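Take a look at the structure below.
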Amino acid sequence: MAVTLEQAQRVGYTCLKALLRFAFMVANNLVAIPSYVLYLIMLQPLRILDSNSFWYIEGVLFKWLLAMVASWGWWAGYTVVEWGDDVKAVSEDEAMVLVNHQATGDVCTLMMCLQDKGTVVRQMMWLMDHIFKYTNFGIVSLIHGDFFIRQGRTHRDQQLVLLKDHLEKYYRSRNRKWIVLFPEGGFLRKRRETSQAFAKKNNLPFLKHVTLPRLGATQVILKTLVAPQENGTPSGGDAVRK
């Protein structure tokens, strides 16, 4: 089938846009991430003198970085439509956000959604697969205090202990508010078959578009950060927290 001149021009224009977008993403990474790291290295004396101010500045820089990642989607013509209750009402409160995980694009979409939610982005902690530690954004997440969790049954118990220690060390000291957690533990296409087999074995709902959530990390977060309740009120002792 012969290709018309108009079709060839359209294909050429699409390829040019793809190259420009890719070049823009590379430039973002080459400039923004080293700048973030260098600024924080220069501010290490402030971290010793006034850690609250240091982590405030770090949070602002982190939010700017995430805005750059979100801009890739905006430039490609993607927008996000939200409906339901406005989460801005709890943007200054502590919250655990459970996000359905379909593909890598979920992260960029979430970054787009949260940019206008007050201080959420700069005060949030991400839980992500350990493989992201070795990506270009890994150094940023390490500095920010995100937690990299290793998947697999053999690592499960050890990772939950490490998560508890991580929360106790970094969550309060860096004034974190929101924790973003992907309860499936990975991409839908990789987890669906196992989830459906588990559901069938345990007489649970057969799900096609989501997987059954893995509760280990969720339980650790709640037990570590939420005060035990006695008749609807926090128990006494050192467990009392906001």
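Owing to the predicted nature of the structure, the values given are computational and were not obtained by experimental measurement.
Ring geometry, Trp126 versus Phe182: the interplanar angle falls from 30° to 60°, so the pair is classed tilted. Between Tyr170 and His166, the angle of the ring planes lies from 30° to 60°, which puts this pair in the tilted group.
In terms of hydrophobic clustering, with Ile, Leu, Val, Met, Phe, Trp and Tyr side chains grouped at heavy-atom distances under 4.5 Å, Tyr39 and Ile41 are assigned to a common cluster. Taken together through direct or relayed side-chain contacts under 4.5 Å among Ile, Leu, Val, Met, Phe, Trp and Tyr, Leu66 and Val80 form parts of separate hydrophobic clusters. Residue Trp74 is not grouped with residue Val121 when hydrophobic side chains (ILVMFWY) are merged at heavy-atom distances under 4.5 angstrom, including chains of intermediate members. Under the 4.5 Å side-chain heavy-atom criterion for Ile, Leu, Val, Met, Phe, Trp and Tyr, Val26 and Ile139 are members of distinct hydrophobic clusters. Hydrophobic clustering places Val220 together with Leu181 (ILVMFWY residues linked when any side-chain heavy atoms are closer than 4.5 Å, directly or through intermediates).
Side-chain N/O atoms of Glu92 and Thr119 include a donor and acceptor closer than 3.5 Å.
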(request) Test Leu20 against Lys17 for side-chain contact (heavy atoms from CB on, under 4.5 Å), laying out the working first. (result) CA-CA 5 Å; Leu20 288 174; Lys17 284 199 300 183; 5.6 Å; no

(request) Before giving the answer on side-chain contact (heavy atoms from CB on, under 4.5 Å), spell out for Asp146 and Phe62 the whole-Å C-alpha distance, their side-chain angles and the decisive distance to 0.1 Å. (result) CA-CA 12 Å; Asp146 297 329; Phe62 185 78; 4.2 Å; yes

(request) Evaluate the side-chain contact (heavy atoms from CB on, under 4.5 Å) criterion for residues Val180 and Leu98: first the C-alpha distance (whole Å), next the side-chain angles of each, then the deciding distance (0.1 Å), finally the verdict. (result) CA-CA 6 Å; Val180 178; Leu98 305 180; over 6 Å; no

(request) With side-chain contact (heavy atoms from CB on, under 4.5 Å) as the test, would you mind laying out the steps for Lys88 and Asp116 before giving the verdict? (result) CA-CA 8 Å; Lys88 284 183 180 179; Asp116 67 338; 4.0 Å; yes

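Looking at heavy atoms from C-beta onward, Ser141 lies out of side-chain contact with Lys133 at the 4.5 angstrom threshold. Between Leu162 and Gln159, some side-chain heavy-atom pair lies under the 4.5 Å cut-off. Residues Tyr36 and Leu38 are not in side-chain contact: their nearest non-hydrogen atoms beyond the backbone lie 4.5 Å or more apart. Residues Met111 and Val107 meet the side-chain proximity criterion, which asks for heavy atoms closer than 4.5 Å. Side-chain contact between Asn52 and Asn175 is absent, with no heavy atoms from C-beta onward closer than 4.5 Å. In this structure, Leu40 and Phe54 have side chains that are in contact, with non-hydrogen atoms separated by less than 4.5 Å. Contact of the Phe24 side chain with the Ser71 side chain is registered, since non-hydrogen atoms from C-beta on lie closer than 4.5 Å. With a 4.5 Å cut-off on side-chain heavy atoms, Trp178 and Asp93 do not count as touching.
Rounding to the nearest 0.5 Å gives a distance of 13.0 Å between CD1 of Ile57 and CZ of Arg47. Between the CG atom in Leu215 and the CD1 atom in Ile221 there is a gap of 11.5 Å [rounded to 0.5 Å]. Between Met96 atom CE and Ile179 atom CD1 the span is 7.5 Å, to the nearest 0.5 Å. In this structure, the separation between NZ on Lys164 and CG on Leu225 is 10.0 Å, given to the nearest 0.5 Å. Between the NZ atom in Lys223 and the CG atom in Leu160 there is a gap of 10.0 Å [rounded to 0.5 Å]. The CG atom of Asp165 sits 6.0 Å away from atom CD of Glu168, with the distance rounded to the nearest 0.5 Å.
When the side chain to side chain donor-acceptor pair (under 3.5 Å) test is applied to Asn28, the partners found at least two apart in sequence or on another chain are Trp72. The side chain to side chain contact (heavy atoms under 4.5 Å, CB included) search around Trp64 returns Val60, Leu61, not counting sequence neighbours. Under the side chain to side chain contact (heavy atoms under 4.5 Å, CB included) criterion, Asp157 pairs with no residue, sequence neighbours left out.
The existence of a salt bridge linking Lys117 and Glu82 is confirmed by a sub-4.0 Å separation between a basic side-chain nitrogen and an acidic carboxylate oxygen. In this structure, Glu94 pairs ionically with Arg172, as a charged nitrogen and a carboxylate oxygen lie closer than 4.0 Å.
More than 12 heavy atoms of other residues, nucleotides or ligands sit less than 6.0 Å from atom CD of Gln44. Atom CG of Asn202 sits in a crowded spot, with more than 12 heavy atoms from other residues, nucleotides or ligands closer than 6.0 Å.
His144 places no side-chain N or O within 3.5 Å of a backbone atom of Glu58 that could act as its donor or acceptor partner. Put simply, the side chain of Gln7 gets close to the backbone of Thr4: a donor and an acceptor are under 3.5 Å apart. No donor-acceptor distance shorter than 3.5 angstrom exists from the side chain of Arg122 to the backbone of Tyr56, with no hydrogens or angles considered.
Met125 and Arg176 make their closest contact through CE-CG, 4.1 Å (heavy atoms, listed as atom of the first residue, atom of the second, distance). In this structure, Asp129 and Phe148 approach most closely via the heavy-atom pair O-CD2, 3.8 Å. The heavy-atom pair separating Pro34 from Asn29 by the smallest distance is CD-O, 3.2 Å. Across all non-hydrogen atoms, the minimal contact from Arg174 to Ile143 is NH1-O, 2.9 Å. Nearest approach of Gly118 to Lys63, heavy atoms of both residues: O-NZ, 3.3 Å. What you find for Phe198 and Leu204 is that their closest heavy atoms are CE2-CD1, 3.8 Å.
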